[in-house]
Asker: 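The structure is given below, and queries will be raised subsequently.
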Number of protein chains: 4
Amino acid sequence: MEPTTAPASPDRRRELLDTAAEVFAAQGYNATTVRQIADAAGMLAGSLYYHFDSKESMVDEILAAFLDELWAGYDAVLEAGLGPRETIEALVTESFREIDRHRAAVAIYQKEARYLATQPRFGYLTESRRKFERAWLGTLERGVAEGVFRADLDLRLAYRFLRDTVWVAASWYRPEGRHSPEEIARQYLAMVLDGIALPS
Amino acid sequence: MEPTTAPASPDRRRELLDTAAEVFAAQGYNATTVRQIADAAGMLAGSLYYHFDSKESMVDEILAAFLDELWAGYDAVLEAGLGPRETIEALVTESFREIDRHRAAVAIYQKEARYLATQPRFGYLTESRRKFERAWLGTLERGVAEGVFRADLDLRLAYRFLRDTVWVAASWYRPEGRHSPEEIARQYLAMVLDGIALPS
Amino acid sequence: MEPTTAPASPDRRRELLDTAAEVFAAQGYNATTVRQIADAAGMLAGSLYYHFDSKESMVDEILAAFLDELWAGYDAVLEAGLGPRETIEALVTESFREIDRHRAAVAIYQKEARYLATQPRFGYLTESRRKFERAWLGTLERGVAEGVFRADLDLRLAYRFLRDTVWVAASWYRPEGRHSPEEIARQYLAMVLDGIALPS
Amino acid sequence: MEPTTAPASPDRRRELLDTAAEVFAAQGYNATTVRQIADAAGMLAGSLYYHFDSKESMVDEILAAFLDELWAGYDAVLEAGLGPRETIEALVTESFREIDRHRAAVAIYQKEARYLATQPRFGYLTESRRKFERAWLGTLERGVAEGVFRADLDLRLAYRFLRDTVWVAASWYRPEGRHSPEEIARQYLAMVLDGIALPS
DNA sequence: CATGAATGAGCTTTCATTCAT
DNA sequence: GATGAATGAAAGCTCATTCAT
């Protein structure tokens, strides 16, 4: 019979951050008030400041944790020595898994990254974006060189196409939905790699 | 005896709305203060209220004007009696033209529609989203029925894929960029219809 | 028949700063709320922010204006080529005049300078204190060298004695009081220069 | 069976009060947070409330203890039947000894007494000030009557001059400094009684 | 005795909006 | 048409204080 007492500190933080992420994702960072987060967490606005320095430091922690995990997955893929097509497949699948696990964080990242990145504190967002571009664009270039991808495309356009295509899914994805992240990845890859048209 | 120096009122409104749209797109609706808009327009915050009822009515007018124009184009395409593939091609091209003309409005729509749609005043956003879905999803279904599009796809997924793919472009598109909207449309269609992979 | 309209901007600022100075002097900077200042000025707390950036910038302006005026007077004295005793007399008189004109500002300076000086923004307070010390201590040293002042004193102690003696007066001085600033200066100088004891 | 490790409670209180006094003196009562005191004492803010009722009761105890000790010394001097000049000398010396022993408390008294005295709880501050005035002013008057002090001074001014002159020293005094309290008293008395100027 | 977590009141500040001129 | 000054509501945050453990 568990006592209904307060959980230990790091767990509590995580709990609160998850709550905050949900609210941020639903309403937008700026449109979310600290009071709304506190309400959702069942406490008073001021009480949040026992755990966090500021509203800003909450998004900060949410985004940083997400990017850490994301890059752990990406790095594993990139160091696996796969061919270009298999790398793209693995990156897309990894991305949808990340969306599945951290939907709220991904949605926040999508909507607020550009705005937040203007502040020095969030410099790592810009950094991450660059690393991201190098990884995807590099793979595409390799694929063209190796004759696996079409040569008649503007690769920067293709990169943006891929990137957006994957991440925007966070805005509508629901974990309890019909498809598993792997299934969604498979469908996306089918479209991205081979197109929606039947070869005539 | 009207003085000829005073600018026609509707022009001034348009001018101010364009300015506001630019700022909204750059900073987000909530993060934008009325004063920032006024600064950008070279006037004081209070003076904007001679032209507009409220900050809300500014986004309202911006979005409504954009959607009006968009649907004029879409409706023309949908009533032209084209085949499914040609319809998709025309809709995508039309969309990129719209992005070219109303980049700021499209960017605002992308970022804020979900949040704004919760208010009754912006009910037309939800309505438009539904019409949108009917148009695209219907065309896809027709394409599958006619054997022009692949039958092994979850069409709702494909719809979202198409929709996001096109509109997210507003977040990075720059009118002075390398490619014309038609050229971008062509590239996107190449990827979407036939995939980025070379047929093996 | 004057209309009871709002006065022009720079005057209004001065008015508000005078009000603020009075409240700060009476209650202490930290113990004073922006609301109290606004109340005293007959407006709402938020309205003060039309005129000033922050509570801090209010003290800043108050103190800076006071020190500017003070140094104008001091510099005139120091450049007049007076003997040490006459210089001390003139500085003391000038100080009491300043207390008479800017009682609140002087009181704030006395109570809050040390605390405020820890912030970079108020660096000029430290600077002013140093300049102050050079002026007074230098005059005392000159006086000892010329045989006008006693040689058996620790001059740093004497400097502090003089300095405090003069400025603390701001904490009890009332402009409508019995004595004019010049008369108070005369009495202080009598005590400081010749002592309160009768020569035996 | 009391464990011998637990420190006697009154000692701990004293220790904490000394710590608190130091912080209050350095930052001002209002600008000091309970947490800063707790930090300085190596405990958490809430823990202080095991020892004290409130922040207010801390200053209260600090000031009351200081005034108790001060008046013990003053009363001894006043009842010793000394002449006016010797009384002044003894009071000044006693005061500097008090500054030496309770620098922080004296500094707090100097800066905060006026503000605190507005609350009923600190009524003894006002009382003490009155007693103080009677003691010093009475001695001065006696001195004038007996021909020991100059008759051409406004005695209320002289009183304030003496009072401030002595106590403000608490704001710069450092116990480890060059001069003993007795030496400082001697120098102050030399200035106050006989002036800084050489008799011409 | 001390901690960890929370409360609740109040603070400074922001900002959309109003309105007399 | 625009300005200058103000309003009022609400925001983010601070802090003395409480209390179960």
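Order of the sequence lines fixes the chain letters, A, B, ..., with proteins taken first and strands second; residue numbering starts at 1 for each chain.
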Asker: Choosing from F:dA2, F:dA5, E:dT13, which nucleotide comes nearest the side chain of B:M43?
Answerer: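 Shortest atom-to-atom distance from the side chain points to F:dA2.
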
Asker: To the side chain of D:K55, which of F:dG8, E:dG4, F:dT17 is closest?
Answerer: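 Among the listed nucleotides, the one closest to the side chain of D:K55 is F:dT17.
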
Asker: Are D:R12 and E:dA2 close enough that a side-chain N or O sits under 4.0 Å from OP1 or OP2?
Answerer: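 Indeed, a polar side-chain atom of D:R12 lies that close.
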
Asker: Whole Å only: how far is the CG atom of B:D53 from the P atom of E:dA16?
Answerer: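 Value for this atom pair: 15 Å.
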
Asker: Tell me whether C:R35 is salt-bridged to C:D39, with the criterion being a basic N under 4.0 Å from an acidic carboxylate O.
Answerer: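 Looking at C:D39 together with C:R35, the answer is no, because their closest N to O distance does not fall below 4.0 Å.
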
Asker: Can you tell me the pairing partner of E:dA20 across any strand shown, Watson-Crick or G-U wobble, with both distances under 3.5 angstrom?
Answerer: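 Here E:dA20 is engaged in a pair, and the nucleotide opposite it is F:dT3.
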
Asker: Can you measure C:F52 atom CZ to E:dT14 atom P for me and round it to whole angstrom units?
Answerer: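 Interatomic distance, CZ of C:F52 to P of E:dT14: 15 Å.
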
Asker: Of the options E:dA6, E:dT13, F:dT17, whose atoms approach the side-chain atoms of D:A45 most closely?
Answerer: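 Selected nucleotide: F:dT17.
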
Asker: For a quick test of reading the model: is some side-chain N or O of D:R35 closer than 4.0 Å to OP1 or OP2 of E:dG4?
Answerer: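 No, because none of the side-chain N or O atoms of D:R35 sits under 4.0 Å from OP1 or OP2 of E:dG4.
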
Asker: Want to settle it: does B:G46 or D:Y29 sit nearer the 5' end of DNA chain F, counting the closest nucleotide to each?
Answerer: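 The answer here is B:G46.
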
Asker: Roughly how far apart are B:R13 CZ and B:D18 CG, rounded to 0.5 Å?
Answerer: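 Nearest 0.5 Å value for the CZ-CG distance: 12.5 Å.
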
Asker: Measure the distance from CG on D:N30 to C1' on F:dC15 and round it to the nearest whole Å.
Answerer: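 Whole-Å distance recorded here is 12 Å.
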
Asker: Measure the spacing between CZ of C:R121 and CG of C:D60 and express it to the nearest 0.5 Å.
Answerer: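 These two atoms lie 4.5 Å from each other.
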
Asker: CG of D:D68 to CD of D:E61: how many Å apart, nearest 0.5 Å?
Answerer: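 Between atom CG of D:D68 and atom CD of D:E61 there are 11.0 Å.
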
Asker: Specify the separation, in whole Å, of atom CG of D:L48 and atom C1' of E:dG4.
Answerer: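 Rounding to the nearest Å, CG of D:L48 and C1' of E:dG4 are 15 Å apart.
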
Asker: In terms of relative ring orientation, are A:F24 and A:Y29 parallel, tilted or perpendicular, with 30° and 60° separating the classes?
Answerer: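 The arrangement is tilted - the two ring planes meet at 30° to 60°.
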
Asker: Which whole-number value in Å describes the distance from A:D39 CG to F:dA11 P?
Answerer: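 Between P of F:dA11 and CG of A:D39: 11 Å.
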
Asker: Side-chain N or O of D:Y50 versus OP1/OP2 of E:dC1: is the shortest distance under 4.0 Å?
Answerer: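 So the side-chain polar atoms of D:Y50 never come under 4.0 Å of the phosphate oxygens OP1 or OP2 of E:dC1.
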
Asker: Counting just side-chain N and O atoms, does C:S47 come under 4.0 Å of either OP1 or OP2 of F:dA5?
Answerer: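 So the side chain of C:S47 is outside the cut-off, no N or O lying under 4.0 Å from OP1 or OP2 of F:dA5.
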
Asker: What's the closest nucleotide to the side chain of B:T33 if the choices are F:dC15, E:dC15, E:dT13?
Answerer: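 Taking heavy atoms from C-beta onward, the closest nucleotide is E:dC15.
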
Asker: The side chain of D:L44 is closest to which nucleotide in this list: E:dA6, F:dA2, E:dG4?
Answerer: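 The nucleotide sitting nearest to the side chain is E:dG4.
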
Asker: Which one, F:dA2, F:dC13, F:dA6, comes nearest to the side chain of A:V34?
Answerer: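 Comparing F:dA2, F:dC13, F:dA6 against the side chain of A:V34, the answer is F:dC13.
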
Asker: Return the value, rounded to whole Å, for the distance between atom CG of C:D11 and atom P of F:dA5.
Answerer: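 For the pair C:D11 CG and F:dA5 P, the rounded distance is 11 Å.
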
Asker: Hey, which sits more toward the 5' end of DNA chain E by its nearest nucleotide, A:G42 or C:T32?
Answerer: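 Final value for this comparison: A:G42.
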
Asker: How many angstroms lie between OG in C:S57 and NE2 in C:H51, if you round to the nearest 0.5 Å?
Answerer: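 C:S57 OG to C:H51 NE2: 12.0 Å, rounded to 0.5 Å.
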
Asker: Nearest whole Å is fine: how far is F:dG4 P from C:L16 CG?
Answerer: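 C:L16 atom CG is separated from F:dG4 atom P by 16 Å.
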
Asker: Hey, is the side chain of D:H51 poking within less than 4.0 Å of OP1 or OP2 on E:dA2, counting only N and O atoms?
Answerer: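 For E:dA2, OP1/OP2 do have a side-chain N/O of D:H51 under 4.0 Å.
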
Asker: Please pick, from F:dG8, F:dG12, E:dT18, the nucleotide with the shortest atom-to-atom distance to any side-chain atom of B:Y49.
Answerer: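 Among F:dG8, F:dG12, E:dT18, the one nearest the side chain of B:Y49 is E:dT18.
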
